[in-house]
Amino acid sequence: MYGKAFAPEYQGGLSAELGVNSSYEDVLAAASRALAEAATAVDAARAALAVAEANRRLGRAEAARAAWRRSYRSARTAGDEGAMAWALWSGGTLARQCGTLALARRLLTWSVALAARSGDRLAHGYSLAGLAETGRIQGDYAAVAELHEQLLEQGRAHGEARHMVWAMSGIAQMHRNSGAYAKALELFEESARIATEADDARGRAWSLRGVADVLSLRGEADRALALLAEAEVICRGMDLAGALAYNHKMRGNIFYRAGWYEAARVTYGVALEEFDAMHEKRGAALARLGLTKARAQLGRSRWETLAELAELEAEFIRIGLKGARETVVAFRAELDSAQPAPGAAAA
């Protein structure tokens with residue numbers, strides 16, 4: 001059995017005022033007041049952490065960066081290693097969001113060590129989850145599979161629904177990427193069920209996106225789009241800017257797979273604008289890849305498409321996105337196979 005989801009990143013007095021489903025504009029307002037009224041360095045560290053997380057979720061990268069660093073400095077002044085670990089977790093999560101995955105791994109590794117030394121079990125679990133997510137995004141499945149299993153065991157042992165949702169959806173994503181769609185669907189649906197029962201709206205939105213992805217791969221576009229519509233309501237209600245942009249990118253994927261290329265082009269364009277506005281380089285590059293593929297299907301010249309694929313491949317190498325680079329290679333091969341052989345007669 002799992003308890004109701006809670007948000008340990010809201011600490012001190014904020015823990016009574018805010019919950020896992022609080023909108024991030026509300027979080028930012030409450031945390032900013034708490035920071036202005038902070039009487040001690042520990043109070044300042046806690047409030048700045050919440051300011052950082054609210055700004056990160058709202059897509060305001062520079063404000064989030066300044067806030068997590070302030071949280072870390074305040075925690076260091078107080079000599080509180082647990083609070084330092086939380087600040088580094090926030091910074092590492094932001095770095096991953098911005099596409100600087102090497103920095104994300106460094107910050108999160110440091111956070112894991114500080115959390116372990118301080119005995120803050122929750123900070124340790126969240127930092128491990130961050131490392132697992134970062135490795136999964138890079139396609140380093142062998143290295144992070146064990147981390148996901150650790151998180152799954154922690155979630156079961158302590159009845160923590162958010163850990164279960166994170167771990168289960170991460171494992172589901174690895175199954176999905178390796179082609180085991182039935183197993184992926186089973187895990188995503190279980191993750192959505194746990195999130196629902198724990199009243200974790202954000203976790204449900206992410207899980208529904210995973211379910212929609214797999215349904216789309218199985219050819220069930222209409223069901224997938226209906227689930228994304230439900231998830232979008234959650235994202236808008238909680239001011240989840242990043243999750244909403246990824247929702248739109250997934251909608252573009254579904255349109256593309258169904259052969260609705262004009263709808264895909266428009267939707268990828270919306271997602272790209274959203275990612276650019278929040279300076280999320282990973283999401284922006286993935287949306288650009290979708291946009292490039294959709295435009296190619298709509299008749300864009302092969303040479304323009306190949307030039308953009310080359311730029312995107314370089315960006316995926318820089319960020320460290322193995323799976324995305326493989327998609328570029330596969331689509332380039334698809335374009336090459338569609339070219340008439342040298343000397344072939346025109347149709």
Side-chain angles (χ1 to χ4, degrees), residues 59 99 137 139 173 176-177 179 181 209-229 231-232 235 241-347:
I137 286 169
Q173 190 66 40
R176 175 257 185 251
N177 290 348
Y181 297 150
R209 188 167 64 91
V211 174
D213 184 24
V214 180
L215 289 177
S216 168
L217 289 166
R218 300 199 323 183
E220 300 180 55
D222 289 338
R223 281 185 64 197
L225 290 170
L227 290 177
L228 287 183
E232 179 162 345
C235 293
L244 182 61
Y246 275 103
N247 182 298
H248 289 155
K249 187 191 75 67
M250 182 59 68
R251 186 179 293 274
N253 290 353
I254 292 169
F255 287 145
Y256 184 89
R257 290 168 191 159
W260 304 330
Y261 298 125
E262 178 59 24
R265 183 193 66 79
V266 171
T267 308
Y268 282 131
V270 170
L272 179 57
E273 289 179 1
E274 291 170 333
F275 285 126
D276 281 342
M278 65 183 75
H279 307 290
E280 182 160 345
K281 296 185 184 299
R282 177 172 68 93
L286 293 171
R288 278 184 62 203
L289 175 57
L291 194 55
T292 297
K293 292 172 65 179
R295 285 171 171 164
Q297 298 290 356
L298 290 167
R300 193 183 192 197
S301 82
R302 179 172 181 272
W303 299 112
E304 287 179 302
T305 301
L306 288 174
E308 188 152 14
L309 288 175
E311 291 179 11
L312 284 166
E313 185 174 14
E315 178 72 353
F316 291 139
I317 291 171
R318 185 194 67 76
I319 295 174
L321 299 177
K322 178 182 175 184
R325 185 191 180 193
E326 290 172 352
T327 300
V328 170
V329 172
F331 189 65
R332 186 185 291 126
E334 184 181 324
L335 291 176
D336 289 342
S337 68
Q339 279 290 102

Query - Closest non-hydrogen atom pair between Ala287 and Phe275, with its separation - result: CB-CD1, 4.1 Å
Query raised in the report: Under 4.0 Å between a Lys/Arg side-chain N and an Asp/Glu carboxylate O for Arg288 and Glu315?
Result: no
Query - Lys/Arg N to Asp/Glu carboxylate O, Glu304 vs Arg295, below 4.0 Å - result: no
Requested in this report: To the nearest 0.5 angstrom, please state how far the CZ atom of Arg332 sits from the CG atom of Leu335.
Outcome: 9.0 Å
Query raised in the report: Among side-chain atoms of Arg251 and Thr267, is any donor-acceptor pair under 3.5 angstrom?
Result: no
Report task. Taking all heavy atoms of Ala296 and all of Thr305, pick out the closest pair and write down the distance. Result -> CB-OG1, 3.8 Å
Query raised in the report: Could you give the distance from CD (Glu220) to CG (Leu227), rounded to the nearest 0.5 Å?
Result: 10.0 Å
**Report entry** Criterion side-chain contact (heavy atoms from CB on, under 4.5 Å) on Lys293 and Tyr268, from CA distance to verdict
**Finding:** CA-CA 10 Å; Lys293 292 172 65 179; Tyr268 282 131; over 6 Å; no
Requested in this report: Drop me the distance from Leu215's CG to Tyr181's OH, to the nearest 0.5 angstrom.
Outcome: 12.5 Å
Requested in this report: Please confirm whether the backbone N or O of Leu291 pairs with a side-chain atom of Tyr256, one donor and one acceptor, at under 3.5 Å?
Outcome: no
Requested in this report: Please report the closest heavy-atom contact between Arg265 and Leu298, naming both atoms and the distance.
Outcome: CD-CD1, 3.8 Å
Query raised in the report: Nearest 0.5 Å, what's the CG-CZ distance between Leu289 and Arg325?
Result: 13.5 Å
Report task. Find the distance between CD (Glu326) and CG (Asn177) and round it off to the nearest 0.5 Å. Result -> 9.5 Å
Query raised in the report: Would you call the rings of Trp260 and Phe255 parallel, tilted or perpendicular, where under 30° means parallel and over 60° means perpendicular?
Result: tilted
Report task. Report yes or no: does Asn247 contribute a side-chain atom to a donor-acceptor pair with the main-chain N or O of Leu228 at less than 3.5 Å? Result -> yes
Query - Pair Asp336 + Arg302: basic N to acidic O under 4.0 Å - result: yes
Query - Residue pair Ile254 / Ala224: nearest heavy atoms and the distance that separates them - result: CD1-CB, 3.5 Å
Report summary line: Taking every heavy atom of Lys249 against every heavy atom of Ala271, the minimum-distance pair comes out as N-CB, 3.8 Å
**Report entry** Minimum-distance pair of heavy atoms, taken over all atoms of Leu312 and Ala285
**Finding:** CD2-O, 3.6 Å
Query - From CZ (Arg300) to CG (Leu306), nearest 0.5 Å - result: 10.5 Å
Requested in this report: Test Glu280 against Glu274 for side-chain contact (heavy atoms from CB on, under 4.5 Å), laying out the working first.
Outcome: CA-CA 9 Å; Glu280 182 160 345; Glu274 291 170 333; over 6 Å; no
